[in-house]
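Reading through the C-alpha cells given below for one structure.
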Amino acid sequence: MARVNHWMGQEFAGASTRTASVTNPATGAVTAAVALASTHDVARVVDAAVAAFPAWRDTSLARRTQTLFGFRELLNTRKTELAELITDEHGKVIADAVAEVSRGQEVVEVACGIAQLLHGAVSENAATGVDVSTVRQPLGPVAVINPFNFPAMVPLWFVPVAIAAGNTVVLKPSEKTPSASIWLARLWEEAGLPAGVFNVVQGDAEAVDALLRHPAIEAVSFVGSTHVARHVYETAAVSGKRVQALGGAKNHMVVLPDADLDAAADAAVSAGYGSAGERCMAISVVVAVGPVADDLVTRIADRTRALSVGSGRRDVDMGPLVTREHRDRVASYVEATEAEGGKLVVDGRDWDVDGDASGFWLGPTLVDHVTPEMSVYRDEVFGPVLAVVRTESFDEALRLINANPYGNGTALFTSSGPAARRFQNEVQVGMVGINVPVPVPVAHHSFGGWKNSLFGDTHAHGAEGVRFFTRAKVVTSRWGAPSGGVQLGFPQNT
Ligand code: NAD
C-alpha cells in the first residue's frame, strides 16, 4: 500500500501512526494511506519553515524570480502528469484536471512579475531634507490549508505569491486528495527552491489546529467549507495571525426573459455539472425569471440527459463524486427534495455509467419548482444537483440572492445592458458574471467571495494576494540636513 507522507526538504513519515485511506472514486479502491500529522509532527515541519525564512527573505528578487520561472516551465511541461494524479484521487475528468492546473499556473505567471508587484514608494523631500519610503516585507512562515476539490489550483492561488514575496510556506492538503502536494513539492525542488521554503504537512483537524495555534505561523490562507472557515478565522485571529478563510457557496444564475436561452442552457449545464458540481463556483441554482421558465427548463433537461458519466480517465463529461459518504450525502438531498415538493425533472440516481460498479456515482440531477425553504436550496449540496427557482420578476431574483447567506459567485444572463448594469451594481456577491456562468477572476485580479463565503479582509492572488503576504514598513530618513537642535514638541513637517 502506497503511503503519502509529509515534506520538508524531503519526504518524511512523521511520528504519528494515524493514517487515513485515500480512494480512487471511479473504482472505490483504496489506493494509499495518507499520514495524519500529530501536533509534534506539525511543529517539526514548521521548524523547517522557520529555519529557511531568513535566507529566503534576503534572497534577491532576481533569484526568486528565476526560481518561479523555472517552476512555471516544469509545471507547463508536466501538467498532464499532475492532472492524472488529481483525477485518480478526486474523480474529475482529465481535461478538467488539466484546466485546474492551467488556472493555477496563471498565478505562477503573475508571481513571476513579483519585482514589479513589490515596488515600494518613495517621497523625496517629504519634509526639508527628509525622505520617506514605504516598502513591503514578507511575513515569515505562513500556512495554506486546502479543500479536496482543487488539489493543485487552490494551493497555487497562494503558494507562488507567498514564496515570491519572500515567505516560507507550510501546505496542509486535504486528506482526501493529498498526492498533488508531494508532486508539487518535488517540482519546487527541481526548480531550485531551497529546502524548507515549501513544506507539506498531511493531516486532518489536529494538524490544522496545530498550525492555527503555532506561534511561528504568521498568516493562514484557508479554503474549505463555511463552518470550518469560521473556526479557522476565529482561532487564527485570536492567536494574532493574519487570516483569510474562504468558505462555501450557493451560486445563483439568473436568466431574464430577454436572454439567449440556448446560451443560458449551455451555461447552466456546464457550470452546474462540471467537476460533478464539486466546485465552489459551480452554479447550483438557476433563477428563471418570468415566462422563460418552462422553455428554459426543457432546454436544460435535454442537455442534462445527454451527459455521459464515467471514469475521469475515459472520454466522458462527468466523473464520480469524491467519496462514498459524499455521494450518499448528495443523493440524500435528491430524496429530500422529492419529499419537500420539488419536481424531479432529471434523476441522476440510476445513471448508465461508463465505469466500475463500485465507483461513487451520481448522475446529473435537475430539480424544478424549488423554493428557498427546501433543504436543497438552503444547504451547500456540492454535487451534480441543479435546482431551478422560479421568480416573477428581476427584483425578486435580486432579493433572493441578496438574502442568501453565501456570496461567492453569481451570474446574470440577459441581452439588456441596463439590467446587467443594475445587477453588477446591486448584487451582494464577490464575483459576478454577465453572460459568463463561472466568473473565476484571472490571476492578476483577486478571487474572493462576500458574506459567509469569505472571512477576512483580503482576497486571493492579484494585488490583494501580494498585500496579504507582505506587511508595509515606512522609513523616514534624514541625511546631511541639520538636526535643528533639541525640540520637545511633536515633530512638524516643514
Ligand atoms: P472541508 O472544510 O471539509 O475541509 C477543508 C480543510 O479543512 C481540509 O484540509 C480539512 O482537513 C480541514 N478540516 C476539516 N474539518 C476540520 C475541522 N473540524 N477543523 C479543522 N480543520 C478541518 O472542505 P472540503 O470538503 O475539503 O471542500 C469543500 C468545501 O470547500 C466546500 O464548502 C466548497 O465550497 C469550499 N471551497 C471554497 C472555495 C472558495 O474559494 N471559497 C474553493 C474551493 C472549495
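Note that the numbering runs from 1 along the sequence shown for the chain. First listed ligand is number 1; within each ligand, the first listed atom is number 1.
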N/O of [X] under 3.5 Å from N/O of ligand 1, yes or no?
X: Phe447; result: no
X: Phe148; result: yes
X: Ser225; result: yes
X: Asn146; result: yes

### Query
Do you see a protein non-hydrogen atom under 4.0 Å from atom 41 (N) of ligand 1?
yes
### Query
Which part of Ala229 is near ligand 1, with near meaning a heavy atom under 4.0 Å away: side chain, backbone, both or neither?
neither
### Summary
Counting heavy atoms under 4.0 Å, the part of Thr226 that contacts ligand 1 is neither
Salt-bridge present ([X], [Y]; N to O < 4.0 Å):
X: Lys172; Y: Glu175; result: yes
X: Arg279; Y: Glu100; result: no
X: Glu109; Y: Arg72; result: yes

#### Entry: Side-chain touch Trp188/Phe71, heavy atoms, less than 4.5 angstrom
yes
### Thr414 and Phe423, any side-chain heavy atoms less than 4.5 Å apart
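Counting from C-beta outward, Phe423 and Thr414 never come under 4.5 Å.
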Please report the shortest heavy-atom distance between [X] and [Y], naming the atom on each side.
X: Asp88; Y: Pro25; result: O-CD, 3.5 Å
X: Val154; Y: Pro147; result: CG1-CD, 3.8 Å
X: Val220; Y: Lys241; result: CG2-CD, 4.0 Å
X: Val309; Y: Gly319; result: CG1-O, 4.3 Å
X: Phe469; Y: Ala165; result: O-CB, 4.2 Å
X: Leu321; Y: Gly383; result: CD2-CA, 4.2 Å

If we only consider heavy atoms of [X], is any one of them less than 4.0 Å away from an atom in ligand 1?
X: Tyr406; answer: no
X: Gly448; answer: no
X: Gly449; answer: no

Please state which option from [options] has its nearest heavy atom closest to [atom].
atom: atom 34 (O) of ligand 1; options: Glu380, Met431, Lys172, Gln202; result: Glu380
atom: atom 20 (C) of ligand 1; options: Leu36, Val322, Val208, Asn149; result: Val208
atom: atom 35 (C) of ligand 1; options: Ser174, Pro147, Gly224, Gly248; result: Gly224

Which heavy atom of the protein is the closest neighbour of [atom], given with residue, atom name and distance?
atom: atom 18 (N) of ligand 1; answer: Ala205 CB, 4.1 Å
atom: atom 28 (C) of ligand 1; answer: Phe382 CE2, 3.6 Å
atom: atom 7 (O) of ligand 1; answer: Phe222 CE1, 3.4 Å
atom: atom 37 (C) of ligand 1; answer: Gly247 O, 3.1 Å
atom: atom 39 (C) of ligand 1; answer: Cys280 SG, 3.3 Å
atom: atom 15 (N) of ligand 1; answer: Val228 CG2, 3.6 Å

### Task
Test ring-ring contact (aromatic ring centres under 6.0 Å, His included) on Trp7 and Phe12 and set out the steps.
CA-CA 6 Å; Trp7 180 278; Phe12 92 108; over 10 Å; no
### Task
Show your reasoning for whether salt bridge (charged side-chain N to carboxylate O under 4.0 Å, His left out) applies to Arg78 and Glu81.
CA-CA 6 Å; Arg78 308 237 298 260; Glu81 218 178 279; 3.3 Å; yes
Just jot down the ligand 1 atoms closer than 4.0 angstrom to any heavy atom of [X], in number order.
X: Trp157; value: 40 (O)
X: Glu175; value: 10 (C), 11 (O)
X: Asn408; value: 41 (N)
X: Pro173; value: 9 (O)
X: Ile145; value: 9 (O)

#### Entry: Test applied, ring pair (Phe, Tyr, Trp, His ring centres under 6.0 Å); reference residue, His90; option that passes from Phe360, Phe150, Phe148
Phe148
